[in-house]
Trainee: 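Below is the structure I would like to discuss, written out as C-alpha cells.
Keep in mind that what you see is a predicted model, and the values were worked out from it rather than measured. Throughout, a chain's letter reflects where its sequence line sits, starting with A, and its residues are numbered from 1.
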Number of protein chains: 4
Amino acid sequence: MEAAHFVQINTGSPEPIYRQLIEQVRRRIAAGQLSAGDEIPSVRELAQALAVHPMTISKAYSMLEMEGLLERRRGLSMVVAAQHRRAQPPASRIELLRPALQKAADEARQLELPAAEVIALFTQLLTESQA
Amino acid sequence: MEAAHFVQINTGSPEPIYRQLIEQVRRRIAAGQLSAGDEIPSVRELAQALAVHPMTISKAYSMLEMEGLLERRRGLSMVVAAQHRRAQPPASRIELLRPALQKAADEARQLELPAAEVIALFTQLLTESQA
Amino acid sequence: MEAAHFVQINTGSPEPIYRQLIEQVRRRIAAGQLSAGDEIPSVRELAQALAVHPMTISKAYSMLEMEGLLERRRGLSMVVAAQHRRAQPPASRIELLRPALQKAADEARQLELPAAEVIALFTQLLTESQA
Amino acid sequence: MEAAHFVQINTGSPEPIYRQLIEQVRRRIAAGQLSAGDEIPSVRELAQALAVHPMTISKAYSMLEMEGLLERRRGLSMVVAAQHRRAQPPASRIELLRPALQKAADEARQLELPAAEVIALFTQLLTESQA
DNA sequence: GTGGTCTAGACCACA
DNA sequence: GTGGTCTAGACCACT
C-alpha cells in the first residue's frame, strides 16, 4: 500500500490527527484490509504524503505498537503484527461502529427529526460512500 | 425552563464542556424547543446546576451570541435571538445532523460492514433513544 | 421639549445607555439648546419614551446633578441648573469633540488611508447629519 | 513582527484589552500590514510583552479566528488566514473607519459647531498623527 | 515549544 | 439581580 492511500486525514477536524490515524488503521485491520505481516509506510514517507509533522505519525505508530497491532522490526519498516484479535467477525466489528451511531442517534433525537428521514439520509450516505 | 434540565453535560467526555453546551443549545433552537425571546438560565444559575465554573457557561453563551442565536440584554438574562434561521424546517434541520451521519458512514465503510446490518443497528439505537 | 425628542439612544451600542444620556445632555447644554431653567422630562416619562429601565434614567440624571448641570426641585421635575459653565463659546466647545476626532484619526492612520479621502468622507457625514 | 510592536494597549481605557487587540489586528490586516500566512506572536510571548494574562490574549485570538482572520495550526503559532476579504482596497477599508467618523459627526452636530472648524481640527489631528 | 480548557475568585458595569 | 473582564495558575493535547 503506497503512503498516499494508506489513510486520509482532515487537518481541519477537531479530532487530532494522530487519533484519526490510529482509528483508521484499527478499522482497516479489523476489516481485514491489512493483514499480519503487511508493511506499512514509513514515518517519513507518510508524513510527507500527508504534509504533517513526522512526530505526529510516529506517535500514532507507537500507540498502535503498544496496542499490539503493529510491530517494529529493527532497521526495517513496521508491519502489521501477527498476534491476537484481528479481522474480527462482523458481529464484533460492528461494536467499533456503535459509538458513532449512538452519537448520531442522540443528535437526531435532540433535533426532533423523524426516524424515517434520518434513516433515509443515512442510507444514502452509506451507499454513496461505499460506491 | 429551569436550569437543571436546560442542558446535560458529560464532564468525562473529551469534548469540552462549553462546546457541549453550544451544540445542545444550537439543536434545541433548531428544533424549536427554544423560541425567540425565551429567557435562558443565568450564567450563575446554570453554573451551579451543572457544577462548573461560571466562566465556562459564560464562554458558551458568548459564542452563541456571536453566532447570533442568543441576545444579550444589559443587566438582564440573555434571551434567544429574534432573528433569521431558527426553528428550521426538517429539510434544513437535518443538515445539522449530516456530519454525524457522514462520520458513521465513513467508519462503516472502513470496517467493511454490510449496509443492512449497520442500518439495522442504527434504527435500533434511534428508536430506543426516542423512547 | 417632549420626552420623545429629548435624547436618542442606541441600545445595541457598547456604550452604556446612561452614558449616552449624560453625554447628549452635556452637549446640548454646551451648545445652548438647553438653557438654565428649562424643564427636562421626568424619569418615568423618559424611561417610557425610550423603553429603558427608569433606574437607568435616574442614574444619568443624578450624575448630571452631581456635575452641577441639572437641579432637583422638590416635587417638581428637574431643570437645567443656573450655575457655571454653560453655552460655552465654540473654542471651548470644540474641546468636547476632540476625543472623538482623535480616535477617528488614530484609526485612519492604522488603516493607512489617505488623509484626503478620510476628510472627504467626514465632510460628507458632517454635512448630511447637519441637514 | 516581534511581540513588542505587534499591538499597543491602554490598560486605563474603558475599552477592554481583548477588544483593543481585536480591533488593531483587524485594521492591520485590512491595511495589508499583516498578510496571509504571516505568523503572529504566540499567546505567551505577547502576554509577557504587554504584561497581561495569557488568557486575555487567547480570548482575542480566538475571536479573530472565529471571524476568519486568523488560522490555528495545531501545536504551532497562529497565522493570518489565507482567505477572503483582506488587504482590502481603500474604498472598502474606509468602511471600517465610518463608525468612528459618524460618531464624531453626530457629536459635532449636537454641539452645533461650524463644519469648517470641525474639519480644520480633524485635519490637524489627522496630519499630526500621520507624522 | 504551541494553544485550549477549566477553576477559583476579584472587581466592574448595568438594570 | 444580570453579564463582563481580568488575573493566577493548574493541567491537557498537540507538534
Trainee: Of D:M78 and B:P54, whose closest DNA chain E nucleotide lies nearer the 5' terminus?
Mentor: D:M78
Trainee: Over how many whole Å does the gap from B:R19 atom CZ to E:dT5 atom P extend?
Mentor: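 In whole Å, E:dT5 P and B:R19 CZ are 7 Å from each other.
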Trainee: Do the non-hydrogen side-chain atoms of D:I40 and D:L46 ever get within less than 4.5 Å of each other?
Mentor: no
Trainee: If the cut-off is 4.0 Å, is D:T56 near the phosphate of F:dT7, judged by side-chain N/O to OP1 or OP2?
Mentor: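 Affirmative; the distance criterion is met.
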Trainee: For C:R19, enumerate each residue passing the side chain to side chain donor-acceptor pair (under 3.5 Å) test, keeping only those at least two apart in sequence or located in another chain.
Mentor: none
Trainee: Using the closest heavy atom to pick a nucleotide of DNA chain E for each, name whichever of B:I17 or C:Y18 lands nearer the 5' end.
Mentor: B:I17
Trainee: May I have all residue pairs that pass salt bridge (Lys or Arg N to Asp or Glu O under 4.0 Å) and include part of residues 55-65 of chain C, sequence neighbours excluded?
Mentor: C:E65-C:R72
Trainee: For D:S77, what residues pass the side chain to side chain donor-acceptor pair (under 3.5 Å) criterion, not counting sequence neighbours?
Mentor: D:E39
Trainee: Hey, are D:D106 and D:Q102 close enough side-chain-wise for a donor-acceptor pair under 3.5 Å?
Mentor: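 Looking only at side-chain atoms, D:D106 and D:Q102 do form a donor-acceptor pair, the distance falling under 3.5 Å.
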Trainee: E:dT2 phosphate, OP1 or OP2: any side-chain N/O from D:S77 under 4.0 angstrom?
Mentor: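 Result: no.
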Trainee: Name the pairs: protein N/O against N/O of nucleotides 8-12 of chain E, kept only if under 3.5 Å.
Mentor:
residue: E:dA8; atom: N7; partner: B:H53; partner atom: NE2; Å: 2.3
residue: E:dG9; atom: N7; partner: B:H53; partner atom: NE2; Å: 3.2

Trainee: Whole Å only: how far is the CE atom of C:M63 from the P atom of E:dA15?
Mentor: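 After rounding, the gap between these two atoms is 13 Å.
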Trainee: Please report the distance, rounded to the nearest Å, between CD in A:Q20 and P in F:dT15.
Mentor: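 It is 9 Å, rounded to the nearest whole Å.
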Trainee: Within the structure provided, determine whether B:N10 and B:Q20 are in side-chain contact (heavy-atom separation under 4.5 Å).
Mentor: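 Result yes, sub-4.5 Å side-chain heavy-atom pair found.
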Trainee: Using whole Å, what does the distance between atom C1' of nucleotide F:dA13 and atom CG of D:L76 come to?
Mentor: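 My rounded result for the distance is 13 Å.
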Trainee: Please give, in whole Å, the distance from E:dC6 P to B:I22 CD1?
Mentor: 10 Å
Trainee: Determine whether more than 12 heavy atoms belonging to other residues, nucleotides or ligands lie under 6.0 Å from atom CZ of C:R44.
Mentor: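 Not more than 12 within 6.0 Å, no.
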Trainee: Taking side chain as C-beta onward, heavy atoms only, is C:K103 less than 4.5 Å from D:K103?
Mentor: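 Counting from C-beta outward, C:K103 and D:K103 never come under 4.5 Å.
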Trainee: Please determine whether the number of non-hydrogen atoms from other residues, nucleotides or ligands lying under 6.0 Å from atom CD of A:Q24 exceeds 12.
Mentor: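 Yes, the 6.0 Å shell around CD holds more than 12 heavy atoms from other groups.
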Trainee: Using atom CG of B:L50 as one end and atom P of E:dC6 as the other, report the distance to the nearest whole Å.
Mentor: 12 Å
Trainee: D:Q48 has an atom CD; how far is it from atom P of E:dG3, in whole Å?
Mentor: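 Whole-Å distance recorded here is 13 Å.
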Trainee: Under 4.0 Å between a side-chain N or O of D:K59 and OP1 or OP2 of F:dT5?
Mentor: yes
Trainee: Between B:Y61 and F:dG3, is there a contact of a side-chain N or O with OP1 or OP2 at under 4.0 Å?
Mentor: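 Looking at the OP1 and OP2 atoms of F:dG3, neither is under 4.0 Å from any side-chain N or O of B:Y61.
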Trainee: What does the 5'-to-3' dot-bracket notation of DNA chain E look like when only Watson-Crick and G-U wobble pairs under 3.5 Å count, and pairs to other strands show as |?
Mentor: ||||||||||||||.
Trainee: Any side-chain N or O of D:S42 under 4.0 Å from OP1/OP2 of E:dG1?
Mentor: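 No, because none of the side-chain N or O atoms of D:S42 sits under 4.0 Å from OP1 or OP2 of E:dG1.
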Trainee: Any salt bridge (Lys or Arg N to Asp or Glu O under 4.0 Å) pairs touching residues 3-13 of chain D, not counting sequence neighbours?
Mentor: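 For residues 3-13 of chain D: none.
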Trainee: To the nearest angstrom, how far is B:E65 atom CD from F:dT2 atom P?
Mentor: 17 Å
Trainee: Assign each of A:E15 and B:V43 to its nearest nucleotide of DNA chain F by heavy atoms, then name whichever residue's nucleotide is nearer the 5' end.
Mentor: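 Checking each residue's closest nucleotide, the 5'-ward one belongs to B:V43.
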